[in-house]
Amino acid sequence: MTKAQTTQPTRLYVKGVHLGYKRGLRNQYNHTSLIKISGVDSKENVDFYLGKKIAYITKAKKATGKDGSKFRVVWGKVCRAHGGNGVVRAKFARALPPQSIGAPVRVMLYP
């Protein structure tokens, strides 16, 4: 075995949490989600994550698809910052379901 295979695998994502949806006082916009990325506490730190992909992963009861996996993924992309405290706005291919509020997401570190 080589030295690279004996070390721990490198994690290619940062953990985040789905906070909710973009909204005003009376209107809610489900197509844009608010994501809190761990370790990001200011608007200046958000610049690195702009354009990065986000994965919301769920587990299904039955295996479907070509590979027979029970995991399903909804992909999204970081659009911009939301406020000054490190929260970002993200648009997903399909709007995230309401039960995903408070659930973990993965922010990929590769483009």
Side-chain angles (χ1 to χ4, degrees):
M1 292 185 104
T2 63
K3 183 175 173 94
Q5 292 174 342
T6 59
T7 61
Q8 288 286 348
T10 305
R11 187 178 60 174
L12 295 175
Y13 63 90
V14 175
K15 295 178 182 179
V17 177
H18 180 216
L19 299 180
Y21 305 106
K22 177 183 145 186
R23 59 170 297 145
L25 184 61
R26 294 172 185 86
N27 296 329
Q28 176 174 292
Y29 301 97
N30 296 338
H31 55 78
T32 304
S33 295
L34 303 179
I35 307 291
K36 176 62 178 163
I37 303 172
S38 64
V40 179
D41 295 327
S42 68
K43 197 171 194 175
E44 291 75 31
N45 295 343
V46 169
D47 291 339
F48 172 77
Y49 293 98
L50 295 179
K52 298 284 194 255
K53 292 193 173 197
I54 302 178
Y56 170 66
I57 301 172
T58 57
K59 195 171 182 185
K61 289 184 179 179
K62 294 184 178 181
T64 59
K66 289 183 248 181
D67 57 353
S69 174
K70 285 190 173 185
F71 294 102
R72 295 182 184 169
V73 181
V74 180
W75 288 98
K77 190 182 285 191
V78 177
C79 298
R80 56 173 292 181
H82 180 81
N85 58 355
V87 176
V88 298
R89 295 183 197 174
K91 292 213 174 202
F92 285 82
R94 296 177 65 101
L96 292 184
Q99 62 261 35
S100 70
I101 296 176
V105 296
R106 295 179 178 185
V107 182
M108 300 302 171
L109 292 175
Y110 52 87

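Keep in mind it's a predicted model, so treat the numbers as computed, not measured.
- At a threshold of 4.5 Å between non-hydrogen side-chain atoms, the residues Arg23 and Leu34 do not count as touching.
- In this structure, the side chains of Leu96 and Val74 come closer than 4.5 Å at one or more pairs of heavy atoms.
- Atom NZ of Lys70 and atom NZ of Lys61 lie 11.0 Å apart (nearest 0.5 Å).
- A heavy-atom distance below 4.5 Å is found between the side chains of His31 and Lys91.
- In the hydrophobic clustering of this structure, Val87 does not group with Tyr29; members are Ile, Leu, Val, Met, Phe, Trp, Tyr whose side-chain heavy atoms approach within less than 4.5 Å, directly or through other members.
- Of all non-hydrogen atoms in Gly68 and Ala63, the two that sit nearest each other are O-CB, 3.2 Å.
- Scanning for side-chain contact (heavy atoms from CB on, under 4.5 Å) contacts around Asn30 gives Tyr21, Gln28, Ala95, with sequence neighbours left out.
- Arg106 is linked by a side chain to side chain donor-acceptor pair (under 3.5 Å) to nothing, counting only residues two or more places apart in sequence or in another chain.
- In the hydrophobic cluster analysis, where Ile, Leu, Val, Met, Phe, Trp and Tyr join through side-chain heavy atoms closer than 4.5 angstrom, Leu19 is grouped apart from Tyr56.
- Every side chain to side chain donor-acceptor pair (under 3.5 Å) that Ser100 has, sequence neighbours left out, goes to His18.
- Counting all heavy atoms, side chain and backbone alike, Ala90 lies closest to Ile54 at CB-CD1, 3.6 Å.
- Remark: Phe92 engages no residue in a ring-ring contact (aromatic ring centres under 6.0 Å, His included) (not counting sequence neighbours).
- The CZ atom of Arg72 lies 10.5 Å from the CZ atom of Arg94; values are rounded to the nearest 0.5 Å.
- Through chains of ILVMFWY side-chain contacts below 4.5 Å, Leu12 is grouped with Tyr13, Ile57, Phe71, Val73, Trp75, Met108, Tyr110.
- The backbone N or O of Lys15 sits less than 3.5 Å from a side-chain atom of Ser38, completing a donor-acceptor pair.
- Legend: residues meeting salt bridge (charged side-chain N to carboxylate O under 4.0 Å, His left out) with Lys36, ordered by chain and number and at least two apart, are Asp41.
- Note that CD1 of Ile37 is 9.5 Å distant from CZ of Phe48, once rounded to the nearest 0.5 Å.
- When all heavy atoms of Val105 and Val17 are compared, the pair lying nearest together is CG2-N, 4.0 Å.
- Hydrophobic cluster membership is shared by Leu109 and Val40, with clusters built from Ile, Leu, Val, Met, Phe, Trp and Tyr side chains linked at under 4.5 angstrom.
- Closest approach of Val46 to Ala81, counting heavy atoms only: CG1-CB, 3.9 Å.
- Taking CZ of Arg80 as the start and CZ of Arg89 as the end, the distance is 4.0 Å to the nearest 0.5 Å.
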